[in-house]
**Student:** 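Got a structure here, written out as C-alpha cells. Questions coming.
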Amino acid sequence: MSPVTDVIATDGLTKRYPRVTALDRLTVQVRPGVVGLVGANGAGKSTLIKILLGLSPASAGSARVLGLDVATEGEAIRAQVGYMPEHDCLPPDVSATEFVVHMARMSGLPAPAARERTADTLRHVGLYEERYRPMGGYSTGMKQRVKLAQALVHDPQLVLLDEPTNGLDPVGRDDMLDLIRRVHRDFGISVLVTSHLLGELERTCDHVVVIDGGKLLRSSSTADFTQTTPLVAVEVTDASGDVSDAALRERLSRAGLKLADDPVPGSRALLVEVPAQVPAAPGAATPDAATPDAASADVEAVYDVIRDAVVDLGLGLVRMEQRRHRIAEVFTARADAAPAPVVPQEGTAHA
Amino acid sequence: MPDTTVPTQGPGPYQAPGPFPGGPGLGPGPRADVIHDIGYRHYDGPRLGRSYAVRSLYLQTLRGSFGLGRSVKSKILPMFLAGVMCVPALIVVAVAVYTKMTKLPIDYAHYLSVMEFVIAVFVASQAPAAFSRDLRFMTIPLYFSRPLGAGDYVRAKFAGMASAAFLLTGLPMLVLWLGAVLSSMSFGHQTEHFLFGLVAAACYAVLYAAIGSLIAASTPRRGFGVAAIIAVLLISEAISGIVWAVLARGGADVSARWASVLSPAQLVDSITTWLFHLGGATGPTGAPSTAGGIVMLAELVAISAGCYALLVHRYRSL
C-alpha cells in the first residue's frame, strides 16, 4: 500500500448545480479498508464519486484521493482507481475476456499483461468457462462480477463500487459482499462501496459514512454504529395469542423492570431496559448483581429475572438478546427530531 | 510483469489455503498437471498511460470497422464492400492491359466518384458500430473513469473511422496504379494521378467519417444512425443533382456547378477535378470559378472540423 494514511479526504467539498446543491460542505476522511457510503437516492453519492474520479469540478472546497488533488491530478487518480458503475455497462456481443482485456489496455496495460491480468481477475471474481461466451447471455450475478473485474483488472489501490449488489438475489448478494471483503483482505485494495441497504454495510464495512441531502450525517467505524444498548429483546412462543405476551409483560413489570415495544416493524419482541439496580426477583435468591457498576452483571441479573418469569408462565423462550444499535437508527433518530450526532467522529477502526 | 508460471512471484498478503498446502513455491521443476491457487498477485509492470490507450482504441476501431476482432457476421458487410471497391479496378486494369492501352480508361479520382455509393454505405454501416455501441450499452463511463478523456476518446474513434474509410478508398487506387505501372504505362503520369487519387481518397475518408461519426454519436440507436447517414450522404447528392439540372437549363452550365456545395460527394469530386485540372470537368463536376473552388475547399475543411468539434463537445457534456 501507499504511505498515504487517508485514501480519500475531502475538505468543505461543495457541488452546486443550477437548481440543487448536491454536496454541501462535506468534510470527511476515509482510511484504507472497506468503507460504506450510505445515503438515500439523490443524497449526493454519485456526485461525490464523479468528483473523486476528477470528472466533475467541485464548486467549492477540495478533495484528495490517494493523496492526489482531484482538481489537478485527475488523470493520475484515474490510473490508480477502479470504478464499477451502478448501471449496466457491458456490450452483449463480446465475451467477458475480450471486454476486460480491452478495458485493461484502456488503463494502459500492455497487451500481454492485459490478457494475463484479465485471466487472473476473472478467476478471482469467480468467472470460469463462461468468460469466453458473449456477455448477453450472462445472469445478473455474472454481469456484476465482470463489472467488478474491469474495475480491478489494472490492480488499482482503491475501487469505487456504486451499488454493487443492485438487482442480485439474496445468494448473489452474499457472494458479492464476500467478494468485496476479499478485495480488501486478500487483494489489499481499499474499497468505497455505496448502498442504500444498511444491513449490508453493517456486515461488510469497517467504516460507514452517512450523507443526506449532500451533508455529512455521520462518519464512524461500523463498531461505533452497532454498539450494544441497555435493552434486552425478549420473544416468547405465542401459544394463546397476545395473552402470553400480556402475561409476561405484567409479570416483568411487577418485577420492577421497564418495558417497551420493539420499534422495528413486524417484530413481536419486548424490550426490557437494564436498570442500574436490579430489583430482587420474587422468589429468587438474594441477587448477587446488585453492585451498580457491574453493567454486564446487571444484564445477567435481568436475564435471570426474565428466564424465571418465562419458566413460571410455562412459555417457550424464542430469543433473549442484548440489543445492538443499527445504522438505520441514524435516520430514525433524525425523524424523531432527536439530537442527531452530526459531529464527524474520527474513525478509530476497531472492527 | 509477473511471470505466469512461477507462483512465488506474487508476494501478496494472500497465502493460498485449500488443497495444496505447499501452494506457492513448490519444489524444483513445475508440474504441468497441478492447478495452483496462487492467490492475488499485484501488477507491478509498466502502465503505458494515455497515449497508449488512445493508440489501442484507434487500432481497435480501425480493425473493428472491417469486422476484425468482432463476430463473423459483422465481417461480412465491410469485407464485401471492400471487395466491391476493388473488383471494378481489377477489371479496368485487366482490360487496359489486355487491349494494350497507353493510359487507364478512367482517372483515379474519377473512379472514386463513380464508386462513391460504396463509401457511403461503408461509413453508414461502420460509424454506428464504432460510436453508438458505447453509448447504447453505456460503456462510456468505463472509458472516462480511466486516464483517457473525452477528447482522447473522440480522437481515437474518429481517426480509426477515417483511417478505415481511407483504406477502403485507397485500396482501389493502389490496384489501379500497380496495374498501370506493371503494364508499362507512363510511370510519371500514372504516379502523379495516383497521388491525386490518394488526395481524393483522403478527402472522401475525412469528410464522410466526420459526417458519419457525428450522426452516429448523436443516437444510441444503431439503426437510426445507419439510416440517417445514408439519408444525409445519398439524398444530398440527389438534391445537388436536381439543383444543378435546374440551374443548368438556362445554359449557365459552369455557374450551375455551385450546386456541388450541397452534397459531400459532389463537393469532393468537384474540388479534386478543379484542383488537379483533371479532364473530367464536365456537367456538374468542377468548380464554377477559382473563387468557387476556394469556397468549396473551405467548405470541406469547415464541415470536417465543425463535425469534429461538435463530436468532442458531445462527449465532453456526457
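Within every chain, numbering begins at 1; the chains are lettered A, B, ... in the order of the sequence lines, protein sequences first and strands thereafter.
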**Student:** Determine whether more than 12 heavy atoms belonging to other residues, nucleotides or ligands lie under 6.0 Å from atom NZ of A:K50.
**Tutor:** no

**Student:** Given B:Y40, which of A:D120, A:D155, A:T121 fulfils the side chain to side chain donor-acceptor pair (under 3.5 Å) condition?
**Tutor:** A:D155

**Student:** State, to 0.1 Å, how close B:M138 and A:H87 come at their nearest heavy-atom pair, and which atoms those are.
**Tutor:** O-CE1, 3.5 Å

**Student:** Counting heavy-atom pairs under 4.5 Å to chain A, which of B:I140, B:L142, B:T139 comes out on top?
**Tutor:** B:L142

**Student:** Looking at CZ of B:R70 and CD of A:E98, how far apart are the two atoms once the value is rounded to the nearest 0.5 Å?
**Tutor:** 11.5 Å

**Student:** In Å and rounded to the nearest 0.5 Å, what is the CZ to CZ distance from A:R78 to B:F144?
**Tutor:** 9.5 Å

**Student:** Does any N or O in the side chain of B:H42 come within less than 3.5 Å of the main-chain N or O of A:F187, such that one atom is a donor and the other an acceptor?
**Tutor:** yes

**Student:** In terms of heavy-atom proximity below 4.5 Å to chain B, should A:L152 be classed as side chain, backbone, both, or neither?
**Tutor:** backbone

**Student:** For B:S56, is it the side chain, the backbone, both or neither that has a heavy atom under 4.5 Å from a heavy atom of chain A?
**Tutor:** both

**Student:** Do B:Y143 and A:M103 have side chains that approach each other closer than 4.5 Å (heavy atoms only, starting at C-beta)?
**Tutor:** yes

**Student:** So which part of A:L55 gets closer than 4.5 Å to some heavy atom of chain B, the side chain, the backbone, both or neither?
**Tutor:** side chain

**Student:** What part of B:R47 lies closer than 4.5 angstrom to a heavy atom of chain A: side chain, backbone, both or neither?
**Tutor:** both

**Student:** Does any part of the side chain of A:D88, heavy atoms only, come nearer than 4.5 Å to the side chain of B:F137, both counted from C-beta?
**Tutor:** no

**Student:** Taking atom OG of B:S145 and atom CE of A:M84, what is their separation to the nearest 0.5 Å?
**Tutor:** 12.0 Å

**Student:** Could you tell me the separation between the OG atom of A:S107 and the CG atom of B:L48, rounded to the nearest 0.5 Å?
**Tutor:** 11.0 Å

**Student:** Please look at A:Q80 and chain B and tell me whether the side chain, the backbone, both or neither of the residue comes under 4.5 angstrom of a heavy atom of that chain.
**Tutor:** neither

**Student:** With no hydrogens and no angle check, is any side-chain donor or acceptor of A:H102 less than 3.5 Å from a backbone partner on B:L57?
**Tutor:** no

**Student:** Taking A:L90, A:L109, A:V94, A:L53 one by one, which has the highest count of heavy-atom pairs under 4.5 Å against chain B?
**Tutor:** A:L109

**Student:** Rounded to the nearest 0.5 Å, what separates atom CE in A:M106 from atom CZ in B:R50?
**Tutor:** 13.0 Å

**Student:** Sort A:V153 into side chain, backbone, both or neither according to what part of it lies under 4.5 angstrom from a heavy atom of chain B.
**Tutor:** side chain

**Student:** Taking the side chain as C-beta and beyond, is there a heavy-atom pair between B:P46 and A:P110 under 4.5 Å?
**Tutor:** yes

**Student:** Pick one: which of B:R222, B:R133, B:R136, B:K73 meets salt bridge (Lys or Arg N to Asp or Glu O under 4.0 Å) with A:D93?
**Tutor:** B:R133

**Student:** Kindly indicate, with the supporting measurements, whether the criterion side-chain hydrogen bond (donor to acceptor under 3.5 Å, both in side chains) is fulfilled by A:R105 and B:Y52.
**Tutor:** CA-CA 8 Å; A:R105 300 186 65 178; B:Y52 165 80; 3.2 Å; yes

**Student:** What part of A:R117 gets within 4.5 angstrom of chain B, counting heavy atoms only: side chain, backbone, both, or neither?
**Tutor:** side chain

